[in-house]
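Working notes, structure below.
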Amino acid sequence: MLKTIDLNSDLGESFGQWTMGDDAAILKLVSSANVACGFHAGSPAGILETLKAAKTQGVTVGAHVAYPDLVGFGRRNMDIASDELTADVIYQIGALQGLARAAGTQVRYVKPHGALYNTIAYNERQALAVIDGILAVDPQLPLVGLAGSPVLALAQQKGLKTIAEAFADRAYHADGTLVSRREAGSVLHDAQQVAERMLQLITDGGLKSVEGKFTPIQAESICVHGDSPGAIAMASQIRTLLEAQGIAIRSFISQP
């Protein structure tokens, strides 16, 4: 059984006067923060504030790159040309690196967001475009992706370190894929249920799927979506339950 696990959340998604989630509160509970880069969410001032708070809490920062889709919050599929997608990834990582430097921290990994995350899990062309973007900026940046998906092996073949991820607040199919957000029951809200599922993930190496079958999932990081209702309660309950079982919450990247 794992003795440590990373707990991450998608943050920096507020835009001007419009607030998304409670970054300050959840940063006290997680070990890694996937910070928006302005393409699906986040304004420069808000992103900078989140980065400063992450620095204060000692939380590792990653670039949450996405499709250029502010209106759809990055959750709409896009058939983007490979060279354009690669450039988008380079642009977003670079922007976050600049803000992170100003906040006294640095970007330590890359995790795609929303539709881009789900697409590259199985779409080789777009996956390679994202991988090429990361390699062009810094080959030492690990890629966080869906546990069990082909993108992880593809990234490893290209020389990137990868981090397999599971979602605390999402339902799974028996084949290890996420249940679409368009389907009822795809997003989980009960903090105790979510925490118990994550304990099962770590102790048993998998979860019960919506089809009722045990689904093996080997993950090094657990995500709680910062924009989900009850995100703070879920992250808190996960941390409390895991630590009570002797499992430490720690970033997959050691702090300098």
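These numbers come from a predicted model, not from an experiment.
- Counting only N and O atoms by type, the side chains of Q92 and H64 include no donor and acceptor under 3.5 Å apart.
- In this structure, N8 and K111 have side chains that are in contact, with non-hydrogen atoms separated by less than 4.5 Å.
- By the side chain to side chain contact (heavy atoms under 4.5 Å, CB included) test, A54 pairs with L27, V59, V61, sequence neighbours left out.
- Within the structure, every pair that satisfies the salt bridge (charged side-chain N to carboxylate O under 4.0 Å, His left out) test and touches residues 119-130, not counting sequence neighbours, is listed here: D79-R125.
- Residues L178 and Y172 meet the side-chain proximity criterion, which asks for heavy atoms closer than 4.5 Å.
- Note on I90: it clusters hydrophobically with Y67, by side-chain heavy-atom contacts below 4.5 Å among ILVMFWY residues.
- Judged by distance alone, the side chains of D169 and H225 do bring a donor and an acceptor atom under 3.5 Å apart.
- Taking the six-membered ring wherever Trp is involved, the centroid distance between the rings of F39 and H113 does not fall below 6.0 Å.
- The shortest side-chain heavy-atom distance between S31 and R250 does not fall under the 4.5 Å cut-off.
- Within a 6.0 Å sphere centred on CZ of F73, other residues, nucleotides and ligands contribute more than 12 heavy atoms.
- A 6.0 Å sphere centred on CD of Q57 holds more than 12 heavy atoms belonging to other residues, nucleotides or ligands.
- Residues R181 and R170 form a side-chain contact, since some pair of their non-hydrogen atoms from C-beta on lies under 4.5 Å apart.
- Within a 6.0 Å radius of CD in Q218, other residues, nucleotides and ligands contribute 12 heavy atoms or fewer.
- The number of heavy atoms from other shown groups lying within 6.0 Å of CD (Q17) does not exceed 12.
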Pair E165, I222 - check side chain to side chain contact (heavy atoms under 4.5 Å, CB included), show working.
CA-CA 6 Å; E165 178 183 44; I222 294 170; over 6 Å; no

